[in-house]
Participant: 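Take this structure first; my questions come after.
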Amino acid sequence: MEEGKPYVSETYNPGRDRILERIRAGLRAAPPSPTPAATEDAIFDAVTDPRERFLEEAKANLVECLTAADATASAQNLTQVLNSLPPGEIFVQDDPVLRRLLQAAGTPRPIRWSSQGAPGEASEATVTLSRALIAQTGSVLVTAACGGRGASVVAPCHIVFATTDQLVPDLEAARTDAARDGILNNHSFACVISGSSRTADIEKILVQGAHGPRRLVIILQDKS
């Protein structure tokens, strides 16, 4: 090899030539037509009764869903849940609906409203509103309006207040409504929650509260 010139191997490599020829042949061939995607109904059963379907799916997701006929029953449900928690502060989305609900519940717990800042790490629960309830998967849609990202991940218990008029059949309907109302453009995040935080990575043993609340409670009030 002459000095200053790159080394070029003249050794015949049939394996390399076969690989290159297959690549060339693949590039010359027309790509196959894509297989039609399965329809949504092939994956999920059709939603005929959004309320009943949501309750069924939520139960399967290990969600505690408490139904209420009116505001008084909702306050009683909230009191029941708060009484089941250890003593400590709760973080609440600062909204007139939740201020009335907390007043009716009459809890003696210290309350940190979202207008006062983010939830503290020692919060025993967060109480927020939902943006939509997705019947097909038993999920709840929340946005940054609930008090920021921490409102749905910091405390061990997340309590969501919702009404039956927020029920939508599927995720596409929830996304369409949110886009129409400007929710996706006006909030820093939107989150679909399908049950408590959980994992089964280790020995396939289900552990709740792995990366967030180990308890999700939805108070679902009938809309009069």
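This is a predicted model, so every value here is computed, not measured.
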Participant: Is it true that the side chains of E57 and T137 contain a donor and an acceptor less than 3.5 Å apart?
Facilitator: no
Participant: Please check: side-chain N/O of T176 versus main-chain N/O of E172, any donor-acceptor pairing under 3.5 Å?
Facilitator: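 Such a contact is found between T176 side chain and E172 backbone.
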Participant: For D165, enumerate each residue passing the salt bridge (Lys or Arg N to Asp or Glu O under 4.0 Å) test, keeping only those at least two apart in sequence or located in another chain.
Facilitator: none
Participant: On a heavy-atom basis, which atom in T126 and which in A151 lie closest, and how many Å separate them?
Facilitator: OG1-O, 2.7 Å
Participant: If hydrophobic clusters are built from ILVMFWY residues whose side chains come within less than 4.5 Å, do L62 and V81 share one?
Facilitator: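 No, L62 and V81 fall in different hydrophobic clusters.
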Participant: Nearest 0.5 Å please: distance from the CD atom of Q136 over to the CG atom of D45.
Facilitator: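 The CD atom of Q136 sits 9.0 Å away from the CG atom of D45.
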Participant: Do the side chain of E52 and the main chain of D49 share a donor and acceptor less than 3.5 angstrom apart?
Facilitator: no
Participant: Once you round to the nearest 0.5 Å, how far does CZ of R175 lie from CG of D170?
Facilitator: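 One finds 10.5 Å between CZ of R175 and CG of D170.
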Participant: Given the rule that I, L, V, M, F, W and Y join up when any side-chain heavy atoms are under 4.5 Å apart, are F91 and V97 in one cluster?
Facilitator: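 Different clusters: F91 never reaches V97 through Ile, Leu, Val, Met, Phe, Trp or Tyr contacts under 4.5 Å.
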Participant: If a pair satisfies salt bridge (charged side-chain N to carboxylate O under 4.0 Å, His left out) and one of its residues is in residues 177-188, list it, with sequence neighbours excluded.
Facilitator: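 Non-adjacent pairs meeting salt bridge (charged side-chain N to carboxylate O under 4.0 Å, His left out): R131-D181, D177-R180.
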Participant: If you round to the nearest 0.5 Å, how far is OG1 of T163 from CG of D222?
Facilitator: 9.5 Å
Participant: When rounded to the nearest 0.5 angstrom, what distance separates CG in L98 from CD in Q93?
Facilitator: 5.5 Å
Participant: Does a side-chain N-to-carboxylate-O contact under 4.0 Å join E21 and R24?
Facilitator: yes
Participant: Same cluster or not: are L78 and L66 linked, directly or through other Ile, Leu, Val, Met, Phe, Trp or Tyr residues, by side-chain heavy atoms under 4.5 angstrom apart?
Facilitator: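 Yes: a chain of side-chain contacts under 4.5 Å links L78 to L66.
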Participant: Strictly distance-based, threshold 3.5 Å: is any side-chain N or O of S114 a donor or acceptor partner for the main-chain N or O of D94?
Facilitator: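 Such a contact is found between S114 side chain and D94 backbone.
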Participant: Kindly compute the distance separating OG (S152) from CZ (F189), expressed to the nearest 0.5 Å.
Facilitator: 4.5 Å
Participant: So which heavy atom on S188 is nearest to which on A144, and how close?
Facilitator: OG-CB, 3.5 Å
Participant: Restricting to non-hydrogen atoms, name the atom on S130 and the atom on A162 that form the minimum distance, rounded to 0.1 Å.
Facilitator: OG-CB, 3.3 Å
Participant: Any sub-3.5 Å donor-acceptor pair from N77's side-chain atoms to T67's backbone N or O?
Facilitator: yes
Participant: Can you tell me how far the OG atom of S123 sits from the CD1 atom of I111, to the nearest 0.5 Å?
Facilitator: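 Nearest 0.5 Å value for the OG-CD1 distance: 11.5 Å.
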Participant: Is there a side-chain contact between P50 and V47 in this structure, where contact means two heavy atoms from C-beta onward sitting under 4.5 Å apart?
Facilitator: yes
Participant: Is R53 salt-bridged to E56, going by a charged N under 4.0 Å from an acidic O?
Facilitator: no
Participant: Has the side chain of T164 got a donor or acceptor atom that lies under 3.5 Å from a matching backbone atom of K223?
Facilitator: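 Answer holds: yes.
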Participant: I'd like to check F54 versus S139 (side-chain heavy atoms, cut-off strictly below 4.5 Å). Are they in contact?
Facilitator: no
Participant: With side-chain contact (heavy atoms from CB on, under 4.5 Å) as the criterion, how do T128 and H158 come out once you've worked through the C-alpha distance, each side chain's angles and the decisive distance to 0.1 Å?
Facilitator: CA-CA 8 Å; T128 72; H158 183 194; 2.9 Å; yes
Participant: Does the pair E89/R109 count as a salt bridge with the N-to-O cut at 4.0 Å?
Facilitator: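 Judged by the 4.0 Å cut-off on N to carboxylate O distance, E89 and R109 do not form a salt bridge.
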Participant: Look only at the side chain of E64 and the backbone of I218, and say whether a donor-acceptor pair between them is shorter than 3.5 Å.
Facilitator: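 No; zero donor-acceptor contacts below 3.5 Å.
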Participant: Taking V140 as the fixed residue, which of L133, L220, V192, I134 is the one that meets the side chain to side chain contact (heavy atoms under 4.5 Å, CB included) rule?
Facilitator: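 Only match with V140 under side chain to side chain contact (heavy atoms under 4.5 Å, CB included): L133.
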Participant: Can you name the nearest heavy-atom pair linking V153 to R149, along with the distance?
Facilitator: CG2-O, 3.4 Å
Participant: Do L55 and I219 belong together in a cluster built from hydrophobic side chains that touch within less than 4.5 Å?
Facilitator: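 In one cluster: no.
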Participant: Whether the side chain of T143 engages the backbone of A145 through a donor-acceptor N/O pair (distance < 3.5 Å, no angle test) should be reported.
Facilitator: yes
Participant: Indicate the atoms forming the closest heavy-atom contact of C157 with L85, along with that distance.
Facilitator: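 Scanning both residues, the minimum pair turns out to be CB-CD2, 4.1 Å.
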Participant: Would you name the heavy atoms of V63 and L216 that are closest together and state the gap between them?
Facilitator: CG1-O, 3.6 Å
Participant: Side-chain heavy atoms nearer than 4.5 Å, only ILVMFWY residues, links allowed to pass through others: does that put V154 and V142 together?
Facilitator: no
Participant: Do R112 and E124 sit within salt-bridge range, that is, some charged N less than 4.0 Å from a carboxylate O?
Facilitator: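 Salt bridge: no.
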Participant: Indicate whether any N or O donor in one side chain lies under 3.5 Å from an N or O acceptor in the other, for Q221 and S74.
Facilitator: yes
Participant: For W113 and L102, run side-chain contact (heavy atoms from CB on, under 4.5 Å): C-alpha distance rounded to whole Å, both residues' side-chain angles, the deciding distance at 0.1 Å, then the answer.
Facilitator: CA-CA 11 Å; W113 298 97; L102 266 294; 4.3 Å; yes
